[in-house]
Amino acid sequence: GWEGVGLCSYLLIGFWFKNQDYNDAANKAFIMNRIGDLGMLLGVILIFVQVGSIQYTDVFAKALTLEPATLTTITILLFIGAVGKSAQIPLFTWLPDAMAGPTPVSALIHAATMVTAGVYMVARNNLLYALSPDTLNLIVVVGLATSLFAATIALAQHDIKKVLAYSTVSQLG
């Protein structure tokens, strides 16, 4: 599902493919999400190498036995995946451009699905994050910076769809 929503987003943003700006927006969203996805993939691979499984019950049972540096690396890599999907700094510029797609579906897939997927993934792995205070500090800094930056940008926008996109990013930060 993680990759499926990314693909749907790309196809939706590029819906009016004859417009080069919309094609560029689709490519930007696709690339930025792949950057985040690479972080998440590396985190999952590192979990598998360290634990021997990617089942939540197995990972959580062995979380206390992991080295703190390894746990921090895993949680940062997973957080990079959340940053890409949830449009947080530095991977936030794709979401306002994603508003190029048809409005009702764009709002549904981006605000209600993709953006919340990153937040859900972090919440679902809360045990790992609770054991990694350095990553929690990073999350606070990125979230706060994203909130302030996106809210400031939203104040200067004239396109209501972009205002809504930045407000969504700001709320999630």
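What you see below is based on every heavy atom in this structure, not just the backbone, and it leaves out hydrogens, waters and symmetry mates. Just so you know, residue 1 is the first one in the sequence shown, and it goes up from there.
- With sequence neighbours left out, the side-chain hydrogen bond (donor to acceptor under 3.5 Å, both in side chains) criterion links Thr73 to no other residue.
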Using a 3.5 Å cut-off and no angle test, enumerate the donor-acceptor pairs between side-chain atoms of residues 25-43 and protein atoms at least two apart in sequence or in another chain.
| unit_1 | atom_1 | unit_2 | atom_2 | d |
| --- | --- | --- | --- | --- |
| Asn27 | ND2 | Asn23 | O | 3.4 |
| Lys28 | NZ | Asp97 | OD2 | 2.7 |
| Asn33 | OD1 | Lys85 | NZ | 3.4 |
| Asn33 | ND2 | Ala29 | O | 2.8 |
| Arg34 | NE | Asp37 | OD2 | 3.1 |
| Arg34 | NH2 | Glu3 | OE1 | 3.2 |
| Arg34 | NH2 | Asp37 | OD2 | 2.6 |
| Asp37 | OD1 | Trp2 | NE1 | 2.8 |
| Asp37 | OD1 | Lys85 | NZ | 3.3 |

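- By the side-chain hydrogen bond (donor to acceptor under 3.5 Å, both in side chains) test, Glu67 pairs with no residue at all, sequence neighbours left out.
- Residues Val44 and Phe48 fail the side-chain proximity criterion, which asks for heavy atoms closer than 4.5 Å.
- Residues passing the side-chain hydrogen bond (donor to acceptor under 3.5 Å, both in side chains) test with Asp24, sequence neighbours excluded: Gln20.
- Under the 4.5 Å side-chain contact rule for hydrophobic residues, Val122 and Val141 do not share a cluster.
- By the criterion of side-chain heavy atoms lying less than 4.5 angstrom apart, applied directly or through intervening Ile, Leu, Val, Met, Phe, Trp or Tyr residues, Phe17 is not grouped with Leu7; the two fall into different hydrophobic clusters.
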Steps toward side-chain contact (heavy atoms from CB on, under 4.5 Å) verdict (Leu78, Thr135): CA-CA 10 Å; Leu78 293 176; Thr135 306; over 6 Å; no
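- In terms of heavy-atom proximity, Trp94 sits nearest to Gly84 at NE1-O, 3.0 Å.
- The environment of Leu127 atom CG is dense: over 12 non-hydrogen atoms of other residues, nucleotides or ligands sit within 6.0 angstrom.
- The minimum heavy-atom distance between Ala82 and Gly118, with the atom names listed, is CB-O, 3.5 Å.
- Distance check: Asn125 CG to Ser132 OG gives 12.0 Å after rounding to the nearest 0.5 Å.
- Pairs engaging residues 115-139 under the ring-ring contact (aromatic ring centres under 6.0 Å, His included) rule: none recorded [sequence neighbours left out].
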CA sep, side-chain torsions, deciding dist, call: Phe79, Thr75, side-chain contact (heavy atoms from CB on, under 4.5 Å): CA-CA 6 Å; Phe79 180 61; Thr75 53; over 6 Å; no
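- For the side chain to side chain contact (heavy atoms under 4.5 Å, CB included) test with Thr146, the passing option among Leu144, Val142, Leu148 is Val142; the others fail.
- Atom OG1 of Thr72 and atom CG of Asn137 lie 10.0 Å apart (nearest 0.5 Å).
- For the side chain to side chain donor-acceptor pair (under 3.5 Å) condition, the pairs that include at least one residue of residues 51-60, sequence neighbours left out, are Ser53-Asp58.
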Derivation of the side-chain contact (heavy atoms from CB on, under 4.5 Å) call for Ile74 and Thr70: CA-CA 6 Å; Ile74 288 169; Thr70 302; 4.1 Å; yes
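- Residues Leu71 and Ala63 share a closest heavy-atom pair of CD2-O, 4.3 Å.
- Linking ILVMFWY residues whenever their side-chain heavy atoms come closer than 4.5 Å, directly or via other members, places Ile54 and Leu64 in the same cluster.
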